[in-house]
Number of protein chains: 2
Amino acid sequence: MATVGSSCLGCPMDPVLKAVTGRWTTTILWNLSTESPLRFGELMGLMPAISAKVLTDRLRMLEQNGIVLRTQKSTIPPEVSYELTTHGQDLHQALRSLHEVALKWNAEGWVPGQGFPEDQVARAAE
Amino acid sequence: MATVGSSCLGCPMDPVLKAVTGRWTTTILWNLSTESPLRFGELMGLMPAISAKVLTDRLRMLEQNGIVLRTQKSTIPPEVSYELTTHGQDLHQALRSLHEVALKWNAEGWVPGQGFPEDQVARAAE
DNA sequence: GTAAGTAATTACCATTTAGTAACCAGTTAC
DNA sequence: GTAACTGGTTACTAAATGGTAATTACTTAC
């Protein structure tokens, strides 16, 4: 084969995508990116639909990957807070870009599962 | 509560994340972002581990969301190609940022599930 | 002595998701 | 007449994922 091009056969996108995208993961990173540090309970409050189990799972995974730093004060009751590591902060730009897209699409009337207004018009005309 | 801050209670990140992140979705978008249009079989070739079923599902979902454009030539055998819509191209910047992070982390010796070299040293010392 | 507060962990079950393999259409090449 | 090509779809099965609720631990407040 001559051209692999710039696509992802052998480029390191896949493991990174696995670590930072996926259900809740990116939302957690976005929260930690805009406000830091955040305590476990505060993260729960920002994402009312997440369960403690899944939040714990994701935070552990992100910690294992060196993306999130967990800091525990062994007080009673315990206080645990989370923030992006230096490496994790490399994601700032990507997260901000994603946020901009979200704002833009929202302003343009994008509806999840339906697309943009012109798509909906096109479908109605069929 | 006084401060919702800039976090995602009521900001439009969540539906966008649902549409563009998730297993294979971001990889597909990245491929279409770097090379376009791509035929169904070409996409399969770029992602050897994906199954036709999942690729079809993701492309349909992205099409429904107005992010990907499907073009079919009714020749025999049929030729179907995919590319980002104008709206889909809004993701270029975010995808490029993500790609940069991937390259950087790779260069820094990041290992999925293990983190960065300094994390691994820290764990070994425990 | 019992509840509240905090950050989990665990077990169990339900749901979702993904993989596999077979099949379809229509024409060309063998 | 049979296989190959292309881009799928469908049915069935298997695996991963997520939710719920109970439990842990330790101290303070009632």
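Just so it is clear: chains get the letters A, B, ... in the order the sequence lines come, proteins before strands, and each one is counted from 1.
The CH2-C1' distance, from W24(A) to dG19(D), rounds to 12 Å in whole Å. Here the P atom of nucleotide dG7(D) and the CG atom of L43(B) are 10 Å apart, to the nearest Å. If you measure from atom CG of D57(A) to atom C1' of dG18(D), you get 9 Å, rounded to the nearest angstrom. Nucleotide dA11(D) holds its C1' atom 10 Å from the NZ atom of K53(B), rounded to whole Å. Summarising the geometry, the separation between CE on M47(A) and P on dG19(D) is reported as 12 Å, rounded to the nearest angstrom. Remark: P of dG7(D) and CD of E63(B) are 14 Å apart, rounded to the nearest angstrom. Between the CE atom of M61(A) and the C1' atom of dT17(D) there is a distance of 13 Å, rounded to whole Å. Computed from coordinates, the M44(A) CE to dT20(D) P distance equals 11 Å when rounded to whole Å.
Distances shorter than 4.0 Å separate none of the side-chain N or O atoms of R23(A) from OP1 or OP2 on dT17(D). Residue R60(B) places no side-chain N or O under 4.0 Å from the OP1 or OP2 atom of dG7(D).
Both F40(A) and R58(B) lie close to DNA chain C; mapped to their nearest nucleotides by heavy-atom distance, the more 5′-ward contact belongs to F40(A).
Between the CD1 atom of I67(A) and the CD1 atom of I28(A) there is a distance of 11.5 Å, given to the nearest 0.5 Å.
Distance alone, capped at 3.5 Å, is enough to place a donor-acceptor pair between the H92(B) side chain and the S33(B) backbone. Under the 3.5 Å distance criterion, the side-chain polar atoms of Q120(B) are matched with a main-chain donor or acceptor of G115(B).
Taking the salt bridge (charged side-chain N to carboxylate O under 4.0 Å, His left out) definition, one finds that E79(A) meets it with K73(A), sequence neighbours left out.
E100(B) and K104(B) are not joined by a salt bridge, as no carboxylate oxygen comes within less than 4.0 angstrom of a charged side-chain nitrogen.
The only option from N31(B), I50(B), T27(B) that meets the side chain to side chain contact (heavy atoms under 4.5 Å, CB included) definition with L43(B) turns out to be N31(B).
Of all nucleotides in DNA chain C, those with any atom nearer than 4.0 Å to a heavy atom of chain B start and finish, going 5' to 3', at dA18(C) to dT27(C).
Taking the ring centroids of H99(B) and W30(B), they lie under the 6.0 Å cut-off.
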